[in-house]
Amino acid sequence: MPLTPDETVRAALRDLPIELPSWGFGNAGTRFGAFPEPGVARDIYEKIEDAATVHRLTGATPTIALHIPWDLPPTGTDWSEITAFAKKEGVAIGAINPNLFQEPEYKFGSVTSADPQTRRKAVAHLKECAEIAGIVGSRQVAVWLADGTNYPGQDDIRARRHRMIDGLVEGYAALPENVEYLIEYKLFEPGFYTTDLSDWGSSLLVCQKIGERAKVLVDTGHHAQGTNIEFIVATLLDEKRLGGFHFNDRRYADDDLIVGSANPYQLFLIFHELINGNDGKTAAPVAYMLDQAHVIEPKIEAMVLSVLNVQTAYAKALLVDRAELAERQQALDVLGANAVLRDAYETDVRPLLAQAREAIHRPADPLAALREDALVRERRALRRSTPARAGGGGLGA
Ligand code: PSV
Ligand code: MN
């Protein structure tokens, strides 16, 4: 017997893993200041504990992405210990994110720099991250470059591009065979005149030069105001070069707010394309990751809410009557076709989501459950009263 629409949604939700960013659990701020959160995670172990809390409550976040060197283990600890700790907590290590932006040498770029020594350092770091990915069993190395220039004439645009491709190709060659290379773009910042990977086109072209396992990473906060992200998603999926997402929401620039908080309709439309470009029943099997750093909102709560928002958008997109939509499109019925999407978007999926959670033995309301969670409370109290283990340091540590 075929599944009912509700059963289809419940099954699909069970199979959408959403990866959490380690850096979203540590103290973060804006360039104007940071507001420390009492009991916040201070090292890689505590970030793993917090990510595991989100998974315990939602059943949807089995992996945590790491940023290197922010998440380097304390001296004397090796990666196998970290992997085992994560396993004991009920999660696994996800994407490895090289940091090619905070060292003083990267002032004028990393793999694009005109200075060969800087480029060598950047490539060595890409190789180090490839090695870590192999040890911890991660499936992706996700590269974002802060490389760019501030003034016309500061550097040669094409020369920088050639250096970048050479460097990224070297990093790719060091990857274990089953690891993908995700190449993220961002419109601007910190470069204000040029950015070496500023849009999906520049990332895609570079991926095509690098190799089959190089794919584009779409960070939803990295576009110009008004960009149609679902169009980008549809195109990249069609080209088999969509590697995954960094979900977050924004109003102005790279605001890193809770995904689905500013523009939930866009998130729904993105999922609609992810289902359309797959089998019409489930979202394409790409990497679904959150990339958010919460400044004023409680961090674990913000992550749980983000997961719920992603699931809400996905559930609504799963309810789109695709046969009816195709018919309306073929009949050139503009508003009839649009109404099919609106009908799905306006459906109240809360009861369905609650059932889906209960079916996997998770609380129907994970946010309410978090507020009552004794283990979280205990851990926070303990962190306030004991010193942190040393770690990689830097932002998010
Ligand atoms: C850059 O803004 C970015 O989106 C990249 O994914 C980084 O790795 C991440 O944020 C953390 O700074
Ligand atoms: Mn990102």
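Order of appearance sets the numbers: ligands from 1, and atoms from 1 within every ligand.
With 3.5 Å as the limit, one finds a donor-acceptor pair spanning the side chains of Asp291 and Trp23. No side-chain N or O of Asp155 forms a donor-acceptor pair with one of Thr149 less than 3.5 Å apart.
Of all the atoms in ligand 1, the ones that sit under 4.0 Å from a non-hydrogen atom of Trp144 are 1 (C), 5 (C), 7 (C). With ligand atoms numbered from 1 in the order given, ligand 1 contributes 4 (O) to contacts under 4.0 Å with heavy atoms of Asp219. Close contacts between ligand 1 and Asp254 involve ligand atoms 2 (O) [criterion: under 4.0 Å to a heavy atom]. Counting atoms of ligand 1 from 1 in the listed order, those under 4.0 Å from a heavy atom of Asp291 are 3 (C), 4 (O), 5 (C), 6 (O), 9 (C), 10 (O). When each atom of ligand 1 is checked for a heavy atom of His246 under 4.0 Å away, the hits are 6 (O). Less than 4.0 angstrom separates some heavy atom of Trp23 from each of these atoms of ligand 1: 11 (C). Near His67, the atoms of ligand 1 lying under 4.0 angstrom from a non-hydrogen atom of the residue are 7 (C), 8 (O), 11 (C).
Residue His222 places at least one N or O, backbone or side chain, under 3.5 Å from an N or O of ligand 1. For ligand 1, none of its N or O atoms has an N or O atom of Trp70 under 3.5 Å away.
Protein-derived N/O/S atoms nearer than 2.8 Å to the Mn ion (ligand 2) total 4, waters excluded.
Phe271 and Tyr314 have their aromatic ring centers within a separation under 6.0 angstrom.
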Using a 3.5 Å cut-off and no angle test, enumerate the donor-acceptor pairs between side-chain atoms of residues 207-217 and protein atoms at least two apart in sequence or in another chain.
| residue | atom | partner | partner atom | Å |
| --- | --- | --- | --- | --- |
| Arg213 | NE | Glu177 | O | 3.3 |
| Arg213 | NH1 | Pro176 | O | 3.2 |
| Arg213 | NH1 | Glu177 | O | 3.3 |
| Arg213 | NH1 | Val179 | O | 2.7 |
| Lys215 | NZ | Glu180 | OE2 | 2.9 |

Side-chain donor/acceptor pairs under 3.5 Å, residues 229-236, sequence neighbours excluded:
| residue | atom | partner | partner atom | Å |
| --- | --- | --- | --- | --- |
| Thr235 | OG1 | Phe231 | O | 2.8 |

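Between Arg350 and Asp348, at least one side-chain nitrogen of the basic residue sits less than 4.0 Å from a carboxylate oxygen of the acidic one, meeting the salt-bridge criterion.
Through chains of ILVMFWY side-chain contacts below 4.5 Å, Leu269 is grouped with Tyr265, Phe268, Val320, Leu325, Val340, Leu341, Tyr345.
Ring pair Tyr288/Phe247 is parallel by interplanar angle, where below 30° counts as parallel and above 60° as perpendicular.
Leu187 and Val206 fall into different hydrophobic clusters, defined by Ile, Leu, Val, Met, Phe, Trp and Tyr side-chain heavy atoms under 4.5 Å apart, directly or through other members.
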